[in-house]
There are 2 protein chains.
Amino acid sequence: MSTIGKALSLLDTLSRLDKEAGLTDIARLCALDKATARRFLVELEKHGFVEQDQDTRRYRIGSAPVRLARIREARFPLLRVAIPFIKSLAETATETVHLSEFSGGQLSTIHVEDAPRAHRIIVDVGSLLPFHATASGLAFLAFSPRSEIDAALEKPLEKFTDHTVVDPRLVRNLLDETAARGFSISDQGLEAGVISTAAPIRTPTGHPIGCVAVAAPLSRTTKTAVHEFGAQAIAAANAISEKYYGSERPMGTSPKSGGQIDEPHGSLAKDTRHRNR
Amino acid sequence: MSTIGKALSLLDTLSRLDKEAGLTDIARLCALDKATARRFLVELEKHGFVEQDQDTRRYRIGSAPVRLARIREARFPLLRVAIPFIKSLAETATETVHLSEFSGGQLSTIHVEDAPRAHRIIVDVGSLLPFHATASGLAFLAFSPRSEIDAALEKPLEKFTDHTVVDPRLVRNLLDETAARGFSISDQGLEAGVISTAAPIRTPTGHPIGCVAVAAPLSRTTKTAVHEFGAQAIAAANAISEKYYGSERPMGTSPKSGGQIDEPHGSLAKDTRHRNR
DNA sequence: CGCTTAAGGTTCATTATTTGAACCATAGCT
DNA sequence: AGCTATGGTTCAAATAATGAACCTTAAGCG
């Protein structure tokens with residue numbers, strides 16, 4: 001792996017810790033030599049990506065990402081665009097609605113609107129969404145190129161509940177259903193008693209960048225309601241996609257043709273070149 | 001320079017551009033070979049720090065910094081950054097210093113450092129600071145967009161003391177003076193016998209998020225002292241802004257001059273698009 | 001106290017990664 | 001067609017990354 005990759009992985013590891021960490025721990029967690037970890041940290045610190053506490057000597061995420069995030073959001077504000085739609089959906093569905101974004105090979109929650117009810121599903125901002133076990137993950141994969149699906153399903157799939165589907169073949173079936181329907185359903189895939197539906201936010205070329213998901217307690221949710229949430233999630237996701245990418249030509253709105261739009265034909269060589277990871 | 005440093009500089013350069021950039025431009029701006037720039041970009045893209053537009057092939061800041069920024073802000077809130085500065089200011093001013101943060105449409109006190117004296121001003125953590133009647137409120141409004149000023153002054157303004165200014169026109173005059181001076185003065189606006197000065201903590205775009213204020217008994221405070229407190233409040237507020245958001249200026253390549261640059265944000269940043277946290 | 005342990009931090013010969021000139025591919029333009 | 005600009009790729013040469021061993025400090029403990 002490249003040095004840059006290693007350093008960024010270190011940053012990622014540091015960000016996933018619950019607390020600030022010392023040099024030795026960081027080196028161990030990243031499987032790096034202490035000297036190497038230190039050099040990375042010093043380099044990252046120079047650029048503001050990490051900070052070392054003066055007293056404890058421990059390291060934490062620095063302020064540079066805050067600056068970059070502001071620039072990104074100013075120039076490319078998914079959150080800004082999406083939040084009104086998420087809010088409105090949470091109101092009409094009267095269930096918790098959350099928004100996820102694909103970044104660095106993972107799908108993570110970037111916004112949550114709680115249901116206006118006492119009994120509701122809680123989702124944390126920042127939480128990671130496994131591809132095979134969440135509605136968001138399924139919706140994301142279902143509209144991704146086959147190569148990404150293969151990559152996601154070749155690692156062992158964790159079984160979070162009795163209902164989690166961990167057989168890659170069965171997951172593929174779910175993906176096919178999702179692609180045909182336009183939205184995904186996860187029946188207690190990540191947590192018992194929770195049913196979710198999700199639809200992908202996509203670039204004008206059809207490539208998903210994140211998802212809109214509705215999460216509800218299974219106990220009060222009928223099959224009809226699930227399908228209604230799904231339809232609403234699609235509507236919200238499409239509205240966000242359109243607003244986010246401006247008035248570019250809206251691609252085929254029929255979810256039917258949704259599946260693997262990306263280059264099903266033509267230069268395979270070219271495709272594989274850009275799809276490293 | 002290390003590879004990591006070069007890659008992070010590339011990211012920094014990319015972030016300072018007004019628009020998305022192509023490979024050749026990026027390589028030129030960073031004084032890197034095209035091949036090198038490309039390898040960096042690919043590596044950064046893998047980790048979500050940059051994104052390549054599918055159509056234009058241009059590069060932009062990715063979404064990974066957004067995730068890191070959220071974590072940083074959750075784990076290292078304004079309070080932690082600001083307290084050392086507030087403490088130090090309380091010591092040099094030998095008067096009570098308090099810190100406020102704007103949240104939910106109101107300015108509220110989030111930290112207080114008491115003056116090291118028997119006779120001192122008491123401020124409670126959690127207390128709300130009316131915009132028209134406190135130094136913090138005035139400092140906050142003075143650097144806010146006009147729309148926010150208008151909104152704050154259209155409700156009836158409560159008269160807390162004989163000295164409280166409640167005529168919106170006169171309040172606007174105070175705001176103009178504050179904007180020109182860089183810090184606000186509230187002469188017994190909320191409580192008789194107390195004079196306060198405050199300066200805003202601002203985002204890199206100039207939008208205020210809170211204030212640093214010095215509160216002193218009127219009886220022992222000369223006009224000169226007030227202006228000194230004001231200057232110190234500005235210095236503290238700017239130092240906090242910079243530490244919290246990171247420097248907007250190019251990364252100092254000289255590790256030697258690591259010192260704080262605290263110049264006032266004279267910027268007329270018109271970017272009013274900002275996000276909630 | 002002095003010994004032990006563990007953490008942060010550093011050195012420098014060895015090793016693997018980075019580098020960039022030259023290359024190819026494609027698209028727009030005359 | 002030819003020209004030019006851009007994105008993207010290759011591979012021998014140059015350079016930067018590596019890590020075992022080392023130093024330093026501070027806490028823990030008989």
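Just so we're on the same page: letters track the sequence lines, and every chain starts at 1. Bear in mind the structure is a predicted one, so any value in this text is a computation, not a measurement.
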Inset, instruction - With DNA chain C as reference, determine whether A:G22 or A:I4 sits nearer its 5' end, using the nearest nucleotide of each. - result: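 So the residue in question is A:G22.
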
Inset, instruction - Assign each of A:V42 and A:S2 to its nearest nucleotide of DNA chain C by heavy atoms, then name whichever residue's nucleotide is nearer the 5' end. - result: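 Upstream on the strand: A:V42.
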
[X] side-chain N/O to [N] phosphate OP1/OP2 under 4.0 Å:
X	N	result
B:T3	C:dT17	no
A:T24	C:dA6	no
A:Y59	C:dG9	yes

Rounded to the Å, how far apart are [X] [atom1] and [N] [atom2]?
X	N	atom1	atom2	result
A:R57	D:dA26	CZ	P	10 Å
A:E45	C:dG8	CD	C1'	13 Å
A:K6	D:dA16	NZ	P	16 Å
B:R58	C:dA27	CZ	P	17 Å
A:F40	C:dT10	CZ	C1'	16 Å

Legend entry - Contacts of B:E51 that satisfy salt bridge (Lys or Arg N to Asp or Glu O under 4.0 Å) - sequence neighbours left out: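 Here the qualifying residues are A:R72, B:R60.
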
Legend entry - Given D:dA17, C:dG9, D:dG8, the nucleotide with the shortest approach to the side chain of B:L23: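 The nucleotide sitting nearest to the side chain is D:dG8.
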
Legend entry - Close residues, residues 30-39 of chain A, relative to DNA chain D [heavy-atom separation under 4.0 Å]: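 Per residue number, the list reads A:D33, A:A35, A:T36, A:R39.
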
For [X] and [Y], which heavy atoms make the closest approach, and how far apart are they?
X	Y	answer
A:L141	A:L175	CB-CD2, 3.8 Å
A:F49	B:L11	CZ-CD2, 3.7 Å
A:E158	A:V166	O-CG1, 3.6 Å

Inset, instruction - Classify the nucleic acid contact of B:E43 as base, sugar-phosphate or nothing, counting any heavy atom under 4.0 Å across all strands shown. - result: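 Here B:E43 touches no strand at all.
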
Legend entry - Donor-acceptor pair, side chain of A:S144 and main chain of A:I149, under 3.5 angstrom: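 Side chain of A:S144 to backbone of A:I149: no pair is present.
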
Inset, instruction - Apply salt bridge (Lys or Arg N to Asp or Glu O under 4.0 Å) to A:R16 and A:D12, showing your working. - result: CA-CA 6 Å; A:R16 293 187 195 289; A:D12 191 66; 2.9 Å; yes

Inset, instruction - Flag the pair B:R80 and A:E20 as a salt bridge only when some basic side-chain nitrogen lies within less than 4.0 angstrom of an acidic carboxylate oxygen. - result: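 A salt bridge links B:R80 with A:E20.
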
